[in-house]
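Remarks on the structure that follows.
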Amino acid sequence: MPRTCSKGSTRLDQWPEKVKLMQENWIGKSKGLNLTFNLAGTGDGIDVFTTRPDTLFGASFVAIAADHPLAREMASNAPELQRFIEQCKKGGTTAAEIETAEKIGFNTGLSVEHPLDPSWHLPVWVANFVLMDYGTGAVFGCPAHDQRDLDFARKYNLPVTRVVAEGDNEDSDFEGDVAYTGPGRIVNSHWMNGLSVDEAKADVIAKAEAEGWGEGQTQYRLRDWGVSRQRYWGTPIPIIHCDFCGVLPVPRSQLPVTLPEDVSFDVPGNPLDRHPTWKNVPCPNCKEPARRETDTLDTFADSSWYFIRFASQPDDKPFDADEVKAWLPVGQYIGGIEHAILHLLYARFWTRALQKVGKLDFAEPFAALFTQGMVTHVTYFDKAGDGKITWYNPEEVMSDGTSAQVKGSEKRIQIGRIEKMSKSKKNVVDPDPMFDQYGADAVRWFMLSDSPPERDLEWSESGIEGTWRFVNRIWRLFDGVAQGVSTALDTNGALDKLLHRAIAGMASDIEALHFNKAVARTHELVNAIEKAAPSASRDAAIRTLPRLISPMLPHLAEEGWAALGGEGLVSSQPWPDHDPALLVDDEVTIAVQVNGKLRDTLTVPKDLDKAGLEALALASDKIIRTLDGATPKKVIVVPGRLVNIVA
RNA sequence: GCGGGCGUGGCGAAACCGGUAGACGCAACGGACUUAAAAUCCGUCGGGCUUAUGCCCUUGGGGGUUCAAGUCCCCCCGCCCGCACCA
């Protein structure tokens with residue numbers, strides 16, 4: 001998975017950089033050298049992974065994890081080491097604890113030969129900061145150029161030798177407590193001296209491979225994805241366990257395996273595991289009593305390909321390749337940032353795997369990704385004497401913003417952080433009363449109106465009243481035209497322009513998911529229509545309105561469309577056309593600045609040239625007054641924008 | 001600690017490639033209509049000075065580049081997210 005998903009993420013040019021970066025960090029690809037340090041006097045060795053083979057001459061110790069096989073072996077007849085290992089295991093696992101945890105080590109007394117100079121011996125330590133589940137569970141320490149190694153070396157007085165020059169500083173004695181991890185020339189390293197860090201890395205890897213004591217390797221940090229769960233809610237894994245025949249797949253004719261519905265959750269644990277009939281089945285091979293697998297698949301397994309099944313649902317197979325080809329990949333995926341890593345990475349992997357086995361003809365499931373913000377709300381809680389926290393729903397709380405109490409009681413409670421709405425913190429708001437009071441259109445419009453969708457939104461109902469008023473204003477426009485027989489034949493050029501601008505602008509706003517801007521444009525148009533005297537232009541604008549508001553106020557749009565005599569449904573109408581000629585003004589307002597400060601504005605023909613603009617600007621009363629006789633040193637003219645006079 | 005992002009009126013926010021900061025909305029305030037209220041309509045609305053024309057300040061803070069900076073560069077502060085002893 002990491003190999004295939006780290007490739008190709010650069011091609012996802014319509015994905016947020018943030019998400020791609022999070023996935024890359026999660027995959028944690030790093031290139032380096034796997035090498036063996038031979039234990040002095042024995043044939044055994046310790047395998048070590050490093051991304052800094054260039055610093056090999058700066059090595060001063062080798063450290064292994066507390067649960068490294070060698071450490072455990074030695075501990076069996078060394079009680080002191082045994083105690084040290086116990087101590088390491090007790091260390092906390094929270095972020096803060098790891099951050100502040102002191103590096104501790106135990107000198108095993110063993111030593112290893114340096115691969116580039118077998119006469120040079122390095123001590124072998126067991127250290128709490130070496131992780132067994134990454135790389136080989138063993139590292140070599142180069143304290144001058146790695147902060148962890150330096151912390152460790154200073155504590156146990158191990159040698160610290162500089163092997164990368166820091167500017168002009170080539171001293172082999174490294175001073176201070178801050179490791180140097182930047183670029184530089186290699187020094188104090190025999191044949192490598194003078195090379196750059198990158199050159200030296202390549203050099204050492206080549207030498208190790210030629211001499212057989214190591215090889216270049218790419219490591220991934222990504223943990224394995226354990227896809228099975230001991231729970232009911234998930235897809236059954238079609239496997240049967242037989243005491244005689246072992247682990248067998250459920251025969252094809254018995255697929256799919258479906259979950260039993262007569263389960264109870266009265267007892268903790270997986271109900272499948274204690275289901276009497278579902279669990280016990282004959283072995284498909286020897287017919288003796290056997291048992292179904294009672295783990296189910298992680299729900300991420302389903303979410304990794306649901307979009308494929310969504311596009312094609314034949315009865316006899318997971319999906320039809322041709323049908324899928326017609327619909328996928330998904331053009332625009334919209335989801336929360338909380339799925340940035342797991343779901344979106346697994347779905348990418350699933351798709352790649354299906355492509356690899358020839359079932360799909362594309363590698364990436366989602367061409368474009370948009371991560372919308374989360375809806376947040378302040379939390380309310382109360383902490384009991386035993387530290388137990390009780391959360392309160394905002395609806396049962398009275399708060400003035402600085403203090404809070406439970407409605408209908410004297411109970412004072414605390415105001416917590418503003419957090420993503422969640423059932424566990426009870427800071428969810430039920431929108432149903434709003435729907436009942438204002439209708440679905442007003443609530444939808446309200447939610448689209450102010451905040452851009454990529455941003456987190458702190459839920460507040462202030463503003464819904466205004467939305468409700470606006471919905472009513474639009475309805476009155478429809479009603480007015482529908483009731484009255486319009487005889488006005490005049491046109492209104494300004495209103496025509498505004499309408500066509502709204503048509504074009506709202507289309508691009510909506511395409512870009514800038515719904516709040518489309519809302520603002522609708523307000524501008526409606527404000528102007530309301531103020532305009534009756535005219536053919538005004539009627540046309542009102543008759544266009546249902547199509548414009550249909551994506552965001554669908555019910556009102558349909559009512560308006562019908563009231564104005566439209567055929568069928570407005571939702572099946574095409575977006576109105578706009579006249580590009582009406583998008584350009586023949587007059588523009590330009591700014592006139594003196595020394596970059598606005599002093600006047602002028603309304604001029606759109607294509608007035610630089611000389612004309614300059615002349616007009618210099619003739620302005622306000623400019624003459626501001627200049628107060630001074631001679632302009634320089635005049636910058638940006639046609640259609642501004643004139644800036646430098647005095 | 002590492003990586004990424006954000007910071008604009010009382011509030012949610014606009015501002016295209018560096019070119020009139022605050023569009024649009026909410027709240028607030030003043031007014032009209034009304035016996036009254038609701039609804040509706042009109043107006044004001046970043047801060048300061050000023051009789052006014054107008055002037056000064058203002059996009060977290062400080063510096064810089066530029067004719068011109070919310071926008072570009074450097075430093076700092078604050079908040080948010082992800083990762084976290086990954087060799």
Side-chain angles (χ1 to χ4, degrees), chain A residues 16-19 21-26 28-30 32-33 48-52 55 63 65 91 94-96 98-101 103 127-131 133-142 145-149 151-152 219-223 337-338 340-341 374 376 417-418 445-446 449-452 454-458 460-467 469-470 472-473 476 508 514 516-527 530-531 589-602 621-622 625-626 632-638 640-647:
Chain A
E17 287 303 318
K18 176 188 171 71
V19 173
L21 199 69
M22 281 165 72
Q23 291 198 353
E24 273 159 33
N25 290 342
W26 184 256
K29 181 178 180 174
S30 58
L33 172 69
V48 158
F49 176 71
T50 179
T51 57
R52 295 298 303 271
T55 64
T94 68
I98 288 166
E99 183 59 32
T100 54
K103 289 177 178 48
N128 67 339
F129 69 92
V130 181
L131 307 173
D133 51 9
Y134 183 77
T136 60
V139 298
F140 80 78
C142 176
H145 306 293
D146 182 289
Q147 192 59 49
R148 293 159 303 181
D149 297 345
D151 294 344
F152 192 76
Q219 282 281 347
Y220 298 94
R221 180 172 59 204
L222 185 69
R223 289 181 280 274
I337 188 73
E338 68 271 25
I341 294 173
M374 293 178 292
T376 62
R417 286 158 47 103
I418 294 166
W445 183 258
F446 169 60
S449 59
D450 282 341
S451 249
E454 67 274 15
R455 212 172 289 187
D456 282 353
L457 171 75
E458 193 190 340
S460 151
E461 290 182 17
S462 81
I464 183 70
E465 291 284 347
T467 312
R469 284 198 293 270
F470 187 67
N472 283 299
R473 281 164 61 197
R476 281 196 292 272
S508 56
H514 294 158
N516 54 327
K517 293 194 227 168
V519 166
R521 254 183 237 276
T522 310
H523 274 287
E524 280 171 324
L525 179 62
V526 168
N527 288 346
E530 284 177 335
K531 286 194 169 68
T589 303
I590 65 153
V592 185
Q593 302 176 333
V594 175
N595 292 331
K597 287 191 173 168
L598 184 71
R599 296 300 172 190
D600 197 5
T601 57
L602 297 172
D621 287 347
K622 289 176 183 169
R625 208 180 318 133
T626 306
K633 293 195 189 94
K634 190 175 171 186
V635 180
I636 286 129
V637 184
V638 184
R641 280 271 177 204
L642 56 55
V643 177
N644 186 12
I645 298 158
V646 187

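We name chains A, B, ... by the order of the sequence lines, and we start the count at 1 in each one.
Among the nucleotides B:G82, B:C67, B:G12, the one closest to any side-chain atom of A:Ser451 is B:G12. Side-chain proximity of A:Arg148 to B:C86, B:A14, B:G12: nearest is B:C86. Across B:U20, B:A68, B:C85, the shortest atom-to-atom separation from the side chain of A:Lys103 is found for B:C85. When distances run from any side-chain atom of A:Ser30 to the nucleotides B:C57, B:U20, B:A87, the shortest one goes to B:A87. Nearest nucleotide to the side chain of A:Asn128, out of B:C85, B:A87, B:A14: B:C85. For A:Leu21, taking side-chain heavy atoms from C-beta onward, the closest of the listed nucleotides B:U20, B:A13, B:G4 is B:G4.
Rounded to a whole Å, the CG atom of A:Asn595 is 13 Å from the P atom of B:C55. Taking atom CG of residue A:Asp133 and atom C1' of nucleotide B:A84, one finds them 13 Å apart after rounding to whole Å. The CE-P distance, from A:Met374 to B:C81, rounds to 8 Å in whole Å. Here B:A21 presents its C1' atom at 13 Å from CZ of A:Arg641, a figure rounded to the nearest Å. A straight line from CG of A:Leu525 to P of B:A23 spans 18 Å, rounded to a whole angstrom.
Between B:A39 and B:A32, the two C1' atoms lie 14 Å apart (nearest whole Å). Using atom C1' as the reference point in both B:C75 and B:G25, the two lie 37 Å apart (nearest Å). With C1' as the reference atom, B:A84 and B:C11 are 37 Å apart, rounded to whole Å. Only the C1' atoms considered, B:G64 is 15 Å distant from B:U71, to the nearest whole Å. Across B:U58 and B:A68, the matching P atoms stand 15 Å from one another, rounded to whole Å. Comparing B:C16 with B:G22, their P atoms sit 13 Å apart, to the nearest whole Å. Taking atom P on both nucleotides, B:G60 is separated from B:G12 by 13 Å, rounded to a whole Å. Spacing between B:C56 and B:G63 at atom C1', rounded to whole Å, works out to 22 Å.
Among the atoms of the strands shown, none is found under 4.0 Å from any heavy atom of A:Thr136. Nucleic acid contact class of A:Asn516 (heavy atoms, under 4.0 Å, all strands): sugar-phosphate only. Across all strands shown, A:Gln593 has heavy atoms under 4.0 Å from base atoms, whether or not it also approaches the sugar-phosphate. Residue contacts for A:Val635: at a heavy-atom cut-off of 4.0 Å it reaches no nucleic acid atom on any strand shown.
Side chains of A:Thr522 and A:Trp445 form a contact here, defined as non-hydrogen atoms less than 4.5 Å apart. Looking at heavy atoms from C-beta onward, A:Asn516 lies out of side-chain contact with A:Asp450 at the 4.5 angstrom threshold. A 4.5 Å side-chain heavy-atom check between A:Asn527 and A:Arg473 finds at least one atom pair inside the cut-off. Residues A:Leu602 and A:Thr589 form no side-chain contact, since every pair of their non-hydrogen atoms from C-beta on lies 4.5 Å or further apart.
A donor-acceptor pair under 3.5 Å links the side-chain atoms of A:Thr376 to the main chain of A:Leu457, judged by distance alone. Between the side chain of A:Asn128 and the backbone N or O of A:Lys103, no donor-acceptor pair lies under 3.5 Å.
With its glycosidic angle within 90° of 0, B:G9 adopts the syn conformation. An anti base is found at B:C29: its glycosidic angle is more than 90° from 0.
For the pair A:Asp456 and A:Met374, the tightest heavy-atom approach, listed with the atom from each and the gap, is OD1-N, 2.7 Å. Here the shortest heavy-atom pairing between A:Leu131 and A:Ala65 reads C-CB, 4.0 Å. Nearest approach of A:Gly596 to A:Asn644, heavy atoms of both residues: N-OD1, 3.0 Å. Residues A:Ser30 and A:Tyr134 come closest through the heavy atom pair OG-OH, 3.0 Å. Here the shortest heavy-atom pairing between A:Cys142 and A:Thr55 reads SG-CB, 3.5 Å.
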Give every pair of a protein N or O atom and an N or O atom of nucleotides 48-53 of chain B that lie under 3.5 Å apart, one pair per line with the distance.
none

What are the atom names and distances for every N/O pair under 3.5 Å that joins the protein to nucleotides 24-31 of chain B?
unit_1: B:G25; atom_1: OP1; unit_2: A:Asn527; atom_2: ND2; d: 3.0
unit_1: B:A27; atom_1: OP2; unit_2: A:Arg469; atom_2: NH2; d: 3.2

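Side-chain nitrogen and oxygen atoms of A:Lys18 include none within less than 4.0 Å of the OP1 or OP2 phosphate oxygen of B:G3. Contact between the side-chain N/O atoms of A:Arg455 and the OP1/OP2 oxygens of B:A14 is found at a separation under 4.0 Å. For the pair A:Arg599 and B:C56, the criterion of a side-chain N or O lying under 4.0 Å from OP1 or OP2 is met.
Evaluated for a side chain to side chain contact (heavy atoms under 4.5 Å, CB included) with A:Phe140, the options A:Asp149, A:Val48, A:Asp146 yield exactly one hit, A:Val48.
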Symbol by symbol from the 5' end, with Watson-Crick or G-U pairs under 3.5 Å, [ ] crossing and | another strand, RNA chain B is (((((((..(((......[....))).(((((.......))))).((((....))))..(((((..]....))))))))))))....
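A donor-acceptor contact under 3.5 Å is not formed by the side chain of A:Lys633 with the base of B:C67.
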